[in-house]
Amino acid sequence: MSHGSVYLADGGLGIVGKLKRDGTVATIADEQPGASGVARSHDGRRLAWTTTVTDEATFENSESGLTISGPRKRTVYADTHAYEVAHNPDAVNHYGVTNPSQCVVDAFAAAGFPVDYQGAVDSHAYSVTAYRGSWVVADAGSNTLWRIGNDGSVSTLAVLPPQPVTLTAEMVAALGLPSCVAGVTYAFEPVPTDVEVGTDGWLYVTTLPGGPESPVLGPRGAVYKVNPWTGTSHKLAGGFLGATNLALGSHGEVYVAELFAGQVSVVRHGRVTPYVSLPGVVAVESDRHGDLWAATLGNEDPPAPGTIVRISGGRTHWEGTVRR
């Protein structure tokens, strides 16, 4: 939502668009591979969106960045992939298991889990928000928040912390791992999926758990609050199953899209409660009237288009369809 308009980025179609009054989508830019986040500047003069090129065979990202479209349709591209290759900020993080036994090493290796490593080189610019005359991008590959200028310059605003989980016997059994893994603490990567600016000037970020997304290890998605001046962060709430997006309410509440739970939840004073059931929900935004706007994924079997809905008073109202 921006200036009373609804913008969307559809990675499947490779478009950035704007919702029309009749529920259809007017394309603003096409041939935008992996488009996933879009935001408008506070003065309304610029529109920015994220894109990522992914090799479907290897699932490796070869290109990623932010396109900024400004006055006179002049565009600037900020190459977050190149910056990540040059700097790899989350190399300061240690992931996996510290001082693992040989049994643990063998177990994780057999299961295809990296055992003991630091942040790898990867960029998946996922979501974007306007911030103080520039942009903040949540990068789900590099585990960072980038600050990006209108000239395309990239710098590291924050590196999110690892997300440790102590594996119980039940978790280990569900994963098919040997009993020597029970009790081991595994530090998973944080995977930022959205970023918004609060009225307090701080940044609010949703994260995926950086490991199995199924309920096997429990709902481990989280919301972090990040100080934009120092880059420090702390966990505001957890227990989400697929936290792919968030929206900020007018009274300090935080709404979270839980893709794998098929619902939008709300955080009030650190307490998480379900707000509305919405299967396939992948994104959520708030408007100046207190309503929420959400996007759902399309289905291939049975065939169904993605949709845009407005949520008012805990009830959903269809507003548009995104067809392939």
Side-chain angles (χ1 to χ4, degrees), residues 7-17 25 27-40 46-69 75-91 119-131 134-149 152-160 189-196 205-211 213 221 242-246 257 259 282-283 285 295-298 300 306 322 324:
Y7 296 91
L8 61 92
D10 189 308
L13 293 174
I15 66 166
V16 175
V25 175
T27 299
I28 294 172
D30 58 9
E31 298 183 1
Q32 302 298 310
S36 56
V38 61
R40 197 163 191 84
R46 292 177 173 85
L47 188 72
W49 59 87
T50 58
T51 55
T52 300
V53 176
T54 305
D55 186 312
E56 298 298 332
T58 63
F59 296 104
E60 293 182 354
N61 301 321
S62 58
E63 297 177 32
S64 197
L66 183 74
T67 298
I68 306 165
S69 177
T75 61
V76 173
Y77 182 71
D79 192 335
T80 60
H81 186 272
Y83 189 89
E84 167 71 1
V85 169
H87 300 280
N88 189 20
D90 85 321
V121 173
D122 184 24
S123 178
H124 184 182
Y126 196 77
S127 292
V128 58
T129 189
Y131 181 74
S134 59
W135 310 89
V136 176
V137 168
D139 193 307
S142 66
N143 305 316
T144 62
L145 299 182
W146 307 121
R147 184 159 188 169
I148 297 179
S153 58
V154 182
S155 60
T156 304
L157 188 150
V159 177
L160 295 180
E189 296 182 33
V191 181
T193 53
D194 194 19
V195 57
E196 299 288 350
V205 182
T206 43
T207 64
L208 293 174
E213 303 295 350
T244 53
N245 217 244
L246 81 155
L259 175 59
V282 68
E285 296 291 339
T296 67
L297 293 176
E300 293 184 0
V322 183
R324 296 186 181 280

How would you list, by chain and number, every residue that makes a side-chain hydrogen bond (donor to acceptor under 3.5 Å, both in side chains) with Thr193, sequence neighbours excluded? Thr206
Heavy-atom closest contact (Val16 atom, Ala35 atom, distance): CG2-CB, 4.4 Å
Report yes if the side chains of Asp79 and Val154 come closer than 4.5 Å at any heavy-atom pair, otherwise no. no
Could you list the residues that satisfy side chain to side chain contact (heavy atoms under 4.5 Å, CB included) with Thr296, not counting sequence neighbours? Leu278, Thr307
By side-chain hydrogen bond (donor to acceptor under 3.5 Å, both in side chains), which residues pair with Ser142, not counting sequence neighbours? Asp139, Thr144
Donor-acceptor contact present, side-chain Thr52 to main-chain Ser64, <3.5 Å: no
First locate atom CG of Leu160, then atom CG of Asp90, and finally report the distance between them rounded to the nearest 0.5 Å. 9.5 Å
Sequence neighbours excluded, the answer for ring-ring contact (aromatic ring centres under 6.0 Å, His included) partners of Trp49 is none
List the residues meeting ring-ring contact (aromatic ring centres under 6.0 Å, His included) with Tyr126, not counting sequence neighbours, and say none if there are none. His124
side-chain hydrogen bond (donor to acceptor under 3.5 Å, both in side chains) partners of Arg147, counting only residues at least two apart: Ser134
Just by modelled atom types, is the Val195 backbone N or O under 3.5 Å from a matching donor or acceptor in the Ser127 side chain? no
Restricting to side chain to side chain contact (heavy atoms under 4.5 Å, CB included), what partner residues turn up for Val191, sequence neighbours left out? Ala140, Asn143, Leu208
Identify the two heavy atoms, one from Ala78 and one from Gly152, that lie closest to each other, and give their separation to 0.1 Å. CB-O, 3.4 Å
Kindly write out the residues that satisfy ring-ring contact (aromatic ring centres under 6.0 Å, His included) with His81, not counting sequence neighbours, or none if the list is empty. none
Please identify each residue that fulfils side chain to side chain contact (heavy atoms under 4.5 Å, CB included) with Asp122, with sequence neighbours left out. Asn61
Trp146 vs Thr156 side-chain heavy atoms within contact, under 4.5 Å: yes
Heavy atoms only: give me the nearest Ala125-Ser36 pair and the separation to one decimal. O-OG, 3.7 Å
If we ignore hydrogens and angles and just use 3.5 Å, is the side chain of Thr50 paired with the main-chain N or O of Gly37 as donor and acceptor? yes
Under 4.5 Å between any side-chain heavy atoms of Leu297 and Leu259, yes or no? yes
Heavy-atom donor-acceptor pair, Thr129 side chain to Glu196 backbone, under 3.5 Å: no
What distance separates Ile15 CD1 from Glu31 CD, expressed to the nearest 0.5 Å? 12.0 Å
Heavy-atom side-chain contact between Ile148 and Thr80 under 4.5 Å: yes
What's the spacing between Thr27 OG1 and Gln32 CD if we round to 0.5 Å? 10.5 Å
Those residues at least two apart in sequence (or on a different chain) that pass side chain to side chain contact (heavy atoms under 4.5 Å, CB included) with Thr75 are Thr67, Ser69
